[in-house]
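Report on one structure; see the data block that follows.
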Amino acid sequence: MYRLKVCQEDLEVAKDNFSKNYFRAANNRAYYSIYHAITAVLAMEGKAFKRHKDTLAYFNKEYVKNGIFPRELGHQISVAEEVRHASDYDEFYIASKEECERQIKCAGTILEAVRKYLQTK
């Protein structure tokens with residue numbers, strides 16, 4: 001599936017940026033890996049939204065709150081979005097190595113959860 005391929009590529013780029021200590025860029029790519037994984041799930045039901053906010057809200061409402069994906073995953077997605085936003089738009093934000101590691105780990109966890117979910121469809 002195309003969206004999962006993009007998700008995997010974004011995760012690999014995040015890891016590469018991390019290895020070069022480009023934490024802001026790694027945070028961005030890790031978030032987009034998460035976002036593309038979510039859009040892969042929504043594509044299965046023909047859903048697409050123009051705004052990230054709407055995409056994440058729908059995913060949380062239909063997939064996290066209904067127990068298809070664990071609540072902790074929903075929380076991690078929200079945190080990832082906040083970190084990405086700060087990394088991209090807050091000119092005084094300093095991305096830490098530890099936070100970036102969490103972002104990348106979260107992206108990998110979500111990718112695996114989505115892969116497992118999509119295999120059942």
Side-chain angles (χ1 to χ4, degrees):
M1 171 176 258
Y2 173 75
R3 285 181 173 99
L4 282 184
K5 182 177 186 246
V6 172
C7 173
Q8 183 65 50
E9 286 175 7
D10 284 341
L11 182 55
E12 293 304 317
V13 172
K15 290 175 181 179
D16 185 54
N17 283 326
F18 178 83
S19 73
K20 296 174 182 171
N21 295 323
Y22 299 151
F23 302 134
R24 290 170 68 105
N27 284 339
N28 174 282
R29 289 296 92 197
Y31 166 79
Y32 275 97
S33 176
I34 293 165
Y35 177 78
H36 290 297
I38 290 169
T39 62
V41 171
L42 301 188
M44 296 300 291
E45 63 173 287
K47 292 284 183 187
F49 300 92
K50 290 185 180 187
R51 298 183 321 167
H52 286 222
K53 179 180 176 179
D54 296 333
T55 302
L56 300 179
Y58 183 85
F59 181 80
N60 279 321
K61 178 182 168 201
E62 298 298 324
Y63 291 90
V64 174
K65 287 185 180 173
N66 288 328
I68 297 168
F69 289 93
R71 283 196 180 276
E72 178 58 28
L73 215 58
H75 173 70
Q76 290 174 352
I77 292 166
S78 295
V79 170
E81 180 188 26
E82 291 172 13
V83 170
R84 193 278 307 182
H85 194 271
S87 289
D88 286 356
Y89 300 111
D90 184 350
E91 61 186 274
F92 298 109
Y93 174 77
I94 298 173
S96 72
K97 180 178 183 176
E98 296 76 23
E99 184 174 63
C100 189
E101 284 176 319
R102 285 191 299 274
Q103 289 284 94
I104 291 170
K105 182 179 178 187
C106 176
T109 299
I110 291 170
L111 173 59
E112 287 310 308
V114 166
R115 277 190 179 139
K116 286 179 185 175
Y117 172 79
L118 293 177
Q119 287 174 352
T120 68
K121 298 297 166 196

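All heavy atoms count here, side chains included; hydrogens, waters and symmetry mates do not. Since the structure is predicted, the reported quantities are computational estimates derived from the model, not experimental observations.
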Please determine whether side-chain contact (heavy atoms from CB on, under 4.5 Å) holds for the pair N28 and R24, giving the CA-CA distance in whole Å, both sets of side-chain angles, and the decisive distance to 0.1 Å. CA-CA 6 Å; N28 174 282; R24 290 170 68 105; over 6 Å; no
OG1 of T39 to CG of L4, rounded to nearest 0.5 Å, is 8.5 Å
Please examine the side chains of Y35 and D10, heavy atoms only from C-beta on, and report whether any two atoms are closer than 4.5 Å. no
Do you reckon V83 sits in the same ILVMFWY cluster as V13, going by side-chain contacts under 4.5 Å, direct or chained? no
Note: N27 and A95 closest approach over all heavy atoms is ND2-CB, 3.6 Å
What distance do T55 atom OG1 and I77 atom CD1 have between them, rounded to the nearest 0.5 Å? 11.5 Å
Please report the closest heavy-atom contact between S78 and N60, naming both atoms and the distance. OG-ND2, 4.4 Å
Nearest heavy-atom approach of R3 to A40 is CD-N, 3.6 Å
Should Y22 and L11 be regarded as members of a common hydrophobic cluster, given that ILVMFWY residues are connected when their side-chain heavy atoms come within less than 4.5 Å of each other, either directly or indirectly? no
Verdict with supporting geometry, L111 and C7, side-chain contact (heavy atoms from CB on, under 4.5 Å): CA-CA 7 Å; L111 173 59; C7 173; 3.4 Å; yes
Rounding to 0.5 Å, atoms CG (D88) and OH (Y32) come to a distance of 6.5 Å
Note: K5-E9 ion pair, threshold 4.0 Å (strictly below): yes
Minimum heavy-atom distance between C100 and F18, given as atom pair plus value: SG-CD1, 3.5 Å
Closest non-hydrogen atom pair, A107 against I34: CA-CG1, 3.6 Å
Check E81, R84, H52 against Y31 for a side-chain hydrogen bond (donor to acceptor under 3.5 Å, both in side chains) and give me the one that passes. H52
Set out, in order, the CA-CA distance, both residues' side-chain angles and the distance that settles side-chain contact (heavy atoms from CB on, under 4.5 Å) for L73 and I110, then state yes or no. CA-CA 7 Å; L73 215 58; I110 291 170; 3.5 Å; yes
Rounded to the nearest 0.5 Å, what separates atom NE2 in H36 from atom CD in Q8? 12.5 Å
Donor-acceptor check, side chain of S33 to backbone of R29, threshold 3.5 angstrom: yes or no? no
Mind listing the closest non-hydrogen atom pair of A80 and Q103 along with its distance? CA-OE1, 3.1 Å
Going through the checks in order, is the side-chain contact (heavy atoms from CB on, under 4.5 Å) test met by F49 and L56? CA-CA 9 Å; F49 300 92; L56 300 179; over 6 Å; no
Does the plane of the ring in F59 sit parallel, tilted or perpendicular to the ring in Y63? Use 30° and 60° as the thresholds. parallel
Give me the other members of the hydrophobic cluster that V6 sits in, counting Ile, Leu, Val, Met, Phe, Trp and Tyr linked by side-chain heavy atoms under 4.5 Å, directly or via other members. Y2
